[in-house]
Amino acid sequence: MSYNKENYRRVMAEFSKKNLEAKTDAEKRRDELHRLFPEIAKIDSTLSQTGARIFGEAMKGKAGLDMRISKLQNEVNELSSIRAELLKKHGYPEDYGAVHYECEECEDTGFVGEKMCKCLKTALVMAGYESSGIGKLLKTQSFDTFDLSYYKGNAENFRRMEANFAKCRAFAENFDTKAPENLLMFGGTGLGKTHLSTSIARVVIDRGYDVLYVSSHTLFSEFEREQFGKGDADTRKYFDSELLIIDDLGTEASNRFTVSCLYNLINSRLLDEKSTIINTNLSHSELLNTYQDRIASRILGEYTQLPFAGKDVRMQKLTAKNG
Ligand SMILES: Nc1ncnc2c1ncn2[C@@H]1O[C@H](COP(=O)(O)OP(=O)(O)O)[C@@H](O)[C@H]1O
Ligand SMILES: [Mg+2]
Ligand SMILES: [Zn+2]
């Protein structure tokens with residue numbers, strides 16, 4: 001797995017900033033204490049030399065070292081409790097001068113030893129949701145909210161959708177950049193193609209992969225903007241992401257230039273062994289009519305075909321609501 005690099009850089013920068021701020025905030029609070037209460041300043045100055053003093057005792061030789069160290073330890077304990085008393089007397093919490101990290105486990109560094117801390121993983125997943133382009137859809141669409149009973153009207157449709165659902169779940173749970181697979185979801189409007197692809201995206205992002213979702217409309221217009229230098233389009237990300245989801249292929253305004261960009265994208269991803277999911281309302285023959293043979297043959301030949309069937313779920317939901 002490899003989190004989106006741009007997100008990783010940004011999140012790590014945020015962590016460094018948090019870690020530094022926690023330290024400087026603590027320093028400010030300690031300075032404040034020292035300014036107001038010289039006794040505490042004196043104690044802190046003594047306590048800060050503890051390490052050096054232990055070292056000094058050790059250098060004096062082994063004879064009676066244990067005793068000398070334990071004497072030193074007692075002194076430190078006593079000073080600490082005097083310090084705590086002073087803070088209490090002046091109405092400050094005992095840990096007022098201590099560093100308060102957002103995550104005590106990794107002290108806001110994102111790492112515990114070599115291992116990524118849970119808090120960093122969570123931050124990267126959140127950033128992944130954000131940068132995936134799915135945004136709002138992720139709130140309502142997941143495997144858990146996908147209801148197969150909408151397809152019960154017809155036994156064959158039901159079996160088909162049950163198989164699609166199982167396939168999508170397995171695709172997400174087993175997603176592996178070393179074993180790339182492509183999906184073509186095709187069928188009428190409102191049958192759950194977008195819903196199942198965002199459900200896949202969520203699971204794959206949760207598992208730490210870099211996912212990008214884009215409508216074919218946006219994709220084609222970004223190719224054009226990049227070519228004709230309007231705005232700051234960057235189509236590189238569509239080639240780079242570990243999983244790319246192109247939604248609603250066939251609804252875009254296309255021309256020869258954009259179609260050749262699409263070919264280039266699909267072909268490059270196949271050659272680079274990167275997984276792609278394409279959703280479309282077009283049938284196979286419509287795909288063949290709309291795009292060049294070399295595009296259609298790849299989408300039909302190199303993608304696992306998932307035919308969607310049933311009655312428009314959006315309409316079913318509306319009818320149910322309106323009685
Ligand atoms: N099986 C399902 N269970 C629950 N909601 C569904 C299901 N299929 C579709 N929906 C919902 O119906 C609406 C249309 O589905 P969508 O996935 O956009 O269809 P498509 O992409 O095939 O046109 C969305 O709001 C989606 O969440
Ligand atoms: Mg859709
Ligand atoms: Zn942490």
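All values derive from a computational prediction rather than experimental measurement. Numbering of residues begins at 1 and proceeds along the displayed sequence.
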Item to complete: Evaluate side chain to side chain donor-acceptor pair (under 3.5 Å) for R269 paired with T276, printing each intermediate quantity in order.
Response: CA-CA 7 Å; R269 293 189 62 88; T276 308; 2.9 Å; yes
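- Between the SG atom of C168 and the CG atom of L183 there is a distance of 6.0 Å, given to the nearest 0.5 Å.
- Checking H195 against T145 by side-chain atom types alone, a donor-acceptor pair falls below 3.5 Å.
- Side-chain atoms of N154 come within 3.5 Å of backbone atoms of N157 as a donor-acceptor pair (strictly under, hydrogens ignored).
- With contacts defined as side-chain heavy-atom distances shorter than 4.5 Å, the pair Y213/T194 qualifies.
- What you find for A98 and R29 is that their closest heavy atoms are O-NH2, 2.8 Å.
- The environment of CD in E32 is crowded: more than 12 heavy-atom neighbours from other residues, nucleotides or ligands sit within 6.0 Å.
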Item to complete: Walk me through it: do M116 and L124 pass the test side chain to side chain contact (heavy atoms under 4.5 Å, CB included)?
Response: CA-CA 11 Å; M116 226 187 240; L124 287 169; 4.0 Å; yes
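- In the displayed structure, D66 atom CG is contacted under 6.0 Å by at most 12 heavy atoms of other residues, nucleotides or ligands.
- Counting only N and O atoms by type, the side chains of E162 and Y151 include no donor and acceptor under 3.5 Å apart.
- The residues E39 and K89 are annotated as not salt-bridged, no charged nitrogen and carboxylate oxygen being separated by less than 4.0 angstrom.
- Ring geometry for F37 versus Y92: interplanar angle over 60°, hence perpendicular rather than tilted (30 to 60°).
- Heavy-atom neighbours of E156 CD from other residues, nucleotides or ligands within 6.0 Å: at or below the threshold of 12.
- The structure places CG of L288 at 11.0 Å from CD1 of I295, a figure rounded to the nearest 0.5 Å.
- Checking side-chain atoms of R169 against main-chain N and O of S199 turns up no donor-acceptor pair under 3.5 Å.
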Discussion item. Using the rule given for side chain to side chain contact (heavy atoms under 4.5 Å, CB included), can you reason through Y209 versus L243, listing the C-alpha separation, both sets of side-chain angles and the distance that settles it, and then say yes or no?
Written reply: CA-CA 8 Å; Y209 292 100; L243 173 62; over 6 Å; no
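- In the hydrophobic clustering of ILVMFWY residues, with side-chain heavy atoms under 4.5 Å counting as a link, F171 and L148 come out together.
- By the neighbour-count criterion of 12 heavy atoms within 6.0 Å, atom CG of D293 is sparsely surrounded, having that number or fewer from other residues, nucleotides or ligands.
- Contacts of N279 classified as side chain to side chain donor-acceptor pair (under 3.5 Å), with partners at least two apart in sequence or in another chain: S197, D247.
- D234 approaches E226 most closely through the heavy-atom pair CA-OE2, 3.9 Å.
- Hydrophobic clustering (ILVMFWY, side-chain heavy atoms < 4.5 Å, transitive): Y129 and I277 are in one cluster.
- In plain terms, the two heavy atoms of T258 and E224 that are nearest each other are CG2-CG, 3.5 Å.
- Side chains of Y150 and M161 form no contact here, defined as non-hydrogen atoms less than 4.5 Å apart.
- Residues V259 and S254 share a closest heavy-atom pair of CG2-CB, 4.0 Å.
- Pairs of residues two or more places apart, or lying in two chains, that qualify as salt bridge (Lys or Arg N to Asp or Glu O under 4.0 Å) and include a residue from residues 67-77 are R53-E75, E57-R68.
- For the pair E107/F15, no side-chain contact is recorded, criterion being any heavy-atom separation below 4.5 Å from C-beta on.
- For D176, there are no salt bridge (charged side-chain N to carboxylate O under 4.0 Å, His left out) partners two or more places apart in sequence or in a different chain.
- In this structure, the side chain of K274 engages the main chain of D240 through a donor-acceptor pair within 3.5 Å.
- Donor-acceptor pairing under 3.5 Å is recorded for the side chains of S149 and D147.
- Contact detail for G110 and C106: the closest heavy-atom pair is N-SG, 3.3 Å.
- At a threshold of 4.0 Å, the pair R9-E6 counts as salt-bridged, since one of the basic side-chain nitrogens sits closer than that to a carboxylate oxygen.
- The structure places OG1 of T218 at 11.5 Å from CD1 of I246, a figure rounded to the nearest 0.5 Å.
- With contacts defined as side-chain heavy-atom distances shorter than 4.5 Å, the pair L287/L184 qualifies.
- Side-chain contact between L196 and I200: absent, with no pair of heavy atoms (C-beta onward) separated by less than 4.5 Å.
- Residues V11 and A123 come closest through the heavy atom pair CG1-CB, 3.9 Å.
- Within the 4.5 Å cutoff, no side-chain heavy atoms of K237 are placed close to those of S131.
- Distance alone, capped at 3.5 Å, is enough to place a donor-acceptor pair between the K193 side chain and the G187 backbone.
- Within the 3.5 Å criterion, the main-chain N or O of Y263 finds no donor-acceptor partner in the side chain of N267.
- Every residue meeting the ring-ring contact (aromatic ring centres under 6.0 Å, His included) condition with F257, not counting sequence neighbours, appears here in chain and number order: F228.
- For the pair R207 and F175, the cation does not sit on the ring face, since its NZ or CZ is not both under 6.0 Å from the ring centre and inside 45° of the axis.
- Without hydrogens or angle criteria, Q316 side chain to R314 main chain gives no donor-acceptor distance under 3.5 Å.
- Rounded to the nearest 0.5 angstrom, K18 NZ and C103 SG are separated by 7.5 Å.
- E105 places no side-chain N or O within donor-acceptor distance of the main-chain N or O of C117, the cut-off being under 3.5 Å.
- Between L244 and L265 the shortest side-chain heavy-atom distance falls below 4.5 Å.
- Partners of R256 under the side chain to side chain donor-acceptor pair (under 3.5 Å) rule, at least two apart in sequence or in another chain, do not exist in this structure.
- When side chains are defined from C-beta on, H100 does not count as touching D25, because their heavy atoms never get closer than 4.5 Å.
- In the hydrophobic cluster analysis, where Ile, Leu, Val, Met, Phe, Trp and Tyr join through side-chain heavy atoms closer than 4.5 angstrom, I69 is grouped apart from V76.
- Remark: side-chain polar atoms of T122 are paired, donor with acceptor, to backbone N or O of K118 under 3.5 angstrom.
- Between D210 and K5, none of the side-chain N atoms (NZ, or NE/NH1/NH2) sits under 4.0 Å from a carboxylate O, so this pair counts as no salt bridge.
- None of N281, D312, D248 except one satisfies the side chain to side chain donor-acceptor pair (under 3.5 Å) rule with T189; the exception is N281.
- Hydrophobic cluster membership differs between L72 and L47, with clusters built from Ile, Leu, Val, Met, Phe, Trp and Tyr side chains linked at under 4.5 angstrom.
- Remark: R10 engages E14 in a salt bridge, criterion side-chain N to carboxylate O under 4.0 Å.
- Within the structure, the ring-ring contact (aromatic ring centres under 6.0 Å, His included) test picks out the following pairs touching residues 280-313 (sequence neighbours left out): F186-H284.
- Under the 4.5 Å side-chain heavy-atom criterion for grouping Ile, Leu, Val, Met, Phe, Trp and Tyr, I205 is connected to F143 within one hydrophobic cluster.
- Open room surrounds CD on E273; 12 or fewer heavy atoms of other groups in view lie less than 6.0 Å from it.
- To the nearest 0.5 Å, atoms CE (M12) and OG1 (T109) are separated by 7.0 Å.
- Remark: side-chain polar atoms of T46 are paired, donor with acceptor, to backbone N or O of K42 under 3.5 angstrom.
- Distance CG/L249 to CG/L282: 6.5 Å, rounded to 0.5 Å.
- For the pair Q305 (side chain) and I299 (backbone), a donor-acceptor distance under 3.5 Å is present.
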